[in-house]
*Asks:* 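I'd like to ask you about the structure that follows.
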There are 2 protein chains.
Amino acid sequence: MSKSYIRHFNANAIFHRIRIEPNVSQRDIVARTGIDKSVVSSIINQFSELGLVERNPVATSNKPGRPMEGLTISPESGLIVGVQIEADTIGYVAAALDGIPLCSRAQAFDGKLDGVADLVGRGVKEIVGECGRAGDTLGVGISLPGLLTDEGMLLHAPVLGWRGVPVVDMFSEALDAPVFAGNDGKAAAMAEYMFGECIDIKDFIYLFSGSGVGGALFLDGDIYRGASGLAGELGHIKVVPQGRYCSCGASGCLSPYLSEPGLAEEIGRLTGNRPTSFKDIMERADAKDEVVVGVLDNAGAVLGSAISSLVNIFNPPLVCLGGDMASAEPYLRPAVERALQRLAHPSMSVQTKVIFSQLSTVSPFLGGVALALDGVTGLDSPHVLP
Amino acid sequence: MSKSYIRHFNANAIFHRIRIEPNVSQRDIVARTGIDKSVVSSIINQFSELGLVERNPVATSNKPGRPMEGLTISPESGLIVGVQIEADTIGYVAAALDGIPLCSRAQAFDGKLDGVADLVGRGVKEIVGECGRAGDTLGVGISLPGLLTDEGMLLHAPVLGWRGVPVVDMFSEALDAPVFAGNDGKAAAMAEYMFGECIDIKDFIYLFSGSGVGGALFLDGDIYRGASGLAGELGHIKVVPQGRYCSCGASGCLSPYLSEPGLAEEIGRLTGNRPTSFKDIMERADAKDEVVVGVLDNAGAVLGSAISSLVNIFNPPLVCLGGDMASAEPYLRPAVERALQRLAHPSMSVQTKVIFSQLSTVSPFLGGVALALDGVTGLDSPHVLP
DNA sequence: CGATATTTTTCTTGTTATGAGAATAATTGA
DNA sequence: TCAATTATTCTCATAACAAGAAAAATATCG
């Protein structure tokens, strides 16, 4: 373990503190992180000189003594851009250093590898121009639906059909800013930790649904990647013995019961009228289509069973559900709760809160912002979250 | 993050290297750990001065240049004692610093909290005398069937009926050596990592059976304890919807299908002749008692289902099965393999090896040794593995 | 047999972090 | 205005890593 790592670690912890609790004092940072006051002072100075952190006078406290300085992330100091590459679209969001999104857009994408670097290069330039904010682009985070190595190589992205692409190098050439790449599910979980419902929760399990079901294990304050980077692919937890076939080739996975295509197919099979989008599904449910409500209830039961297993294994304080399923909360939650009641270890489930997070629908593409922010704060070279 | 932590971390890594690969050179330690050569040299010197590590001349290599020095853990340098407290017995083992057990014994125990510190104090003194080896007792590790806090407080041990016992303080008073306490399942997993089948494997899932079923998650080179220390209680994974009742109050847990009492009860129910011990069960199985073989096969299927879930969640390179069930490998493995084939994600299960480890039956009570060794190596004060 | 090349380990020197405590700065209340 | 109080910065000591030179120990070649 190197010496610079500990500075990096402490810098990250302090930045995180300031971001989640604007206007903290150095004294409180010391109290909450346990880092020595000299070290906090020194790191704050460094951030301050770089213009990343501002010192604000704080309203009088009616207490004797030197008043504290409120510390905030300086919003003017630079931009972070998040890019999310999916099968048919590429999403962009520009955000200030505090993670607050300034503007976002999405463009159609044919999924072709050829020319994607230039495409993203132009897209990033445009979104930066569009938000009309001065300041350097401090980092670009790219969220990808596939498995990445520590060295920034995309090993395999099934929905894109890409294999063995050195994404960090490729996008770095086109981008003129530090590039940070990562798996979409893990990036989304980081976004929940940094900006969302899981803010500052050191241990939680994240699940999201969309065209598939993904997830991440957030353990001891960091994403757990596992020996081969596949850990946390929670869409493939087995939930129904000899159940539906999954695109992965196995049967009984969670994914075909909860993903948009899986739900649509089941509804189509039962009604002869296949929904065209998740929004379509929700509209039918809101119109009290009993078949749709029933399919969603069943999905909730299956989801609840998967969550029960996770609760019994991790005893997490929080399970966070994001993506499409967050908007289906009214239809899913009852079944999820029933399953938890029935299947999870009582002494464990009492400690676990299950929440539906709208973060990814309200502010899409923040996964990339989380990736980049995590990298930028440590003041070191581009790296990867596989 | 403190400065001393990084020395501790590096010291531990280097010691571990020497233990698992006796006669390594400093050069190879540098190559394998990435720690700088100066640092390795400095830490080796420190270990050498303390008498913990020896430098051995190595047989000529027929290569030019200064020959390497082989480094080994000095077995004479001191003793580690492992203590394992169970419902009806207390086990002791004395081991050299390299973890090799010198002698062990067990004594009957009435489970009463009163006087247990003195009892263990005498027991440790006796085992140290018995093994007839000079040298200080460098550490005593105590493995307990319950949940512990970071501060060395045993919160709750159901099988002992103990609650809120400050075990580290209590045993420290009676023991005249640094005391390290920890949960039995987690300690056993550490023993597998340090001395057993999982040696040097940074990510694995550990399951063991005995009077109950426990386990541990070994992730990124360390036990994952979770927010409340309950993580890894794998005996309570739900495997059979509306299944057998578990002592924890829930139903469908793994534990009643795989633990000795669970198996005995089922065999007793089917044959009218309840086995009195796990050995008894094994003898009947070896005598081709078809009911017993069938019950074990069913246990294997249930176990396989639990392992499948774990594989899909963690994608671990290794799943290690210990305790009683290790001796039942011939009767369990076929069903486990069948379940894995059927339930686990194919692209994940191909990366996972499932092994049965005899470590805890061949050399019992090593969990405590692992606890103590882990603490002693870092050269710091007594602590706890909750 | 001696010189040289080679390999491993240690030493020297430099840089950077943390950590403890003194000093300074900025405020309130008497 | 002066003490009391509180927050932050500064100073100095200590410890750790890091890079490279130096030393130690051996094999091989002439």
*Asks:* Mind checking what makes ring pair (Phe, Tyr, Trp, His ring centres under 6.0 Å) contact with A:Phe204, not counting sequence neighbours?
*Replies:* A:Phe218
*Asks:* Please report, rounded to the nearest Å, how far the P atom of D:dA7 is from the CD1 atom of A:Ile44.
*Replies:* 15 Å
*Asks:* Just to verify, what does B:Glu69 make a salt bridge (Lys or Arg N to Asp or Glu O under 4.0 Å) with, not counting sequence neighbours?
*Replies:* B:Arg55
*Asks:* Just how far, in rounded Å, is C1' of D:dT6 from CZ of A:Arg27?
*Replies:* 8 Å
*Asks:* By the salt bridge (Lys or Arg N to Asp or Glu O under 4.0 Å) test, which pairs, at least two apart or in different chains, include something from residues 36-53 of chain A?
*Replies:* none
*Asks:* For C:dA17, does either OP1 or OP2 sit under 4.0 Å from a side-chain N or O belonging to A:Asn10?
*Replies:* no
*Asks:* Quick check: do A:Ile142 and A:Leu371 have side-chain heavy atoms less than 4.5 Å from each other?
*Replies:* no
*Asks:* For B:Gln26 and D:dA24, what is the distance between atoms CD and P respectively, to the nearest whole Å?
*Replies:* 16 Å
*Asks:* I want to confirm an ordering. Mapping A:Arg66 and A:Arg55 to their closest nucleotides on DNA chain D, which one lands closer to the 5' end?
*Replies:* A:Arg66
*Asks:* Can you tell me how far P of D:dC17 sits from NE2 of B:His8, to the nearest Å?
*Replies:* 13 Å
*Asks:* Is there any protein nitrogen or oxygen under 3.5 Å from a nitrogen or oxygen in nucleotides 2-4 of chain D, and what are the pairs?
*Replies:*
none

*Asks:* Please identify each residue that fulfils side chain to side chain donor-acceptor pair (under 3.5 Å) with B:Gln26, with sequence neighbours left out.
*Replies:* none
*Asks:* Output the rounded distance in Å from CG (B:Asn56) to C1' (C:dT8).
*Replies:* 16 Å
*Asks:* Please confirm whether the ring centroid of B:Phe314 lies under 6.0 Å from the ring centroid of A:Phe314.
*Replies:* yes
*Asks:* Which pairs, with at least one residue in residues 13-40 of chain A and sequence neighbours excluded, count as a ring pair (Phe, Tyr, Trp, His ring centres under 6.0 Å)?
*Replies:* A:Phe15-A:Phe47, A:His16-A:Tyr193
*Asks:* Between A:Ile6 (CD1) and C:dT15 (C1'), how many Å, whole number?
*Replies:* 15 Å
*Asks:* Within this structure, what is the CZ-to-C1' distance between B:Arg7 and D:dC17, rounded to whole angstrom?
*Replies:* 9 Å
*Asks:* Roughly how many Å is it from CE in B:Met68 to C1' in C:dT10, rounded to a whole number?
*Replies:* 17 Å
*Asks:* Any side-chain N or O of A:Ser41 less than 4.0 Å from the OP1 or OP2 oxygen of D:dT9?
*Replies:* yes
*Asks:* How would you list all residue pairs meeting salt bridge (Lys or Arg N to Asp or Glu O under 4.0 Å) that involve residues 16-30 of chain B, not counting sequence neighbours?
*Replies:* B:Arg17-B:Glu21, B:Arg17-B:Asp200, B:Glu21-B:Arg32, B:Asp28-B:Arg32
*Asks:* If the condition is side-chain contact (heavy atoms from CB on, under 4.5 Å), which residues does A:Ala372 pass it with, not counting sequence neighbours?
*Replies:* A:Ile80, A:Phe180
*Asks:* Side chain of A:Asn45 only, heavy atoms from C-beta on: which candidate in D:dT9, C:dA17, D:dA7 is closest?
*Replies:* D:dT9
*Asks:* If you take any heavy atom closer than 4.0 Å to DNA chain D, which residues from residues 28-39 of chain B end up in contact?
*Replies:* B:Asp36, B:Lys37, B:Ser38, B:Val39
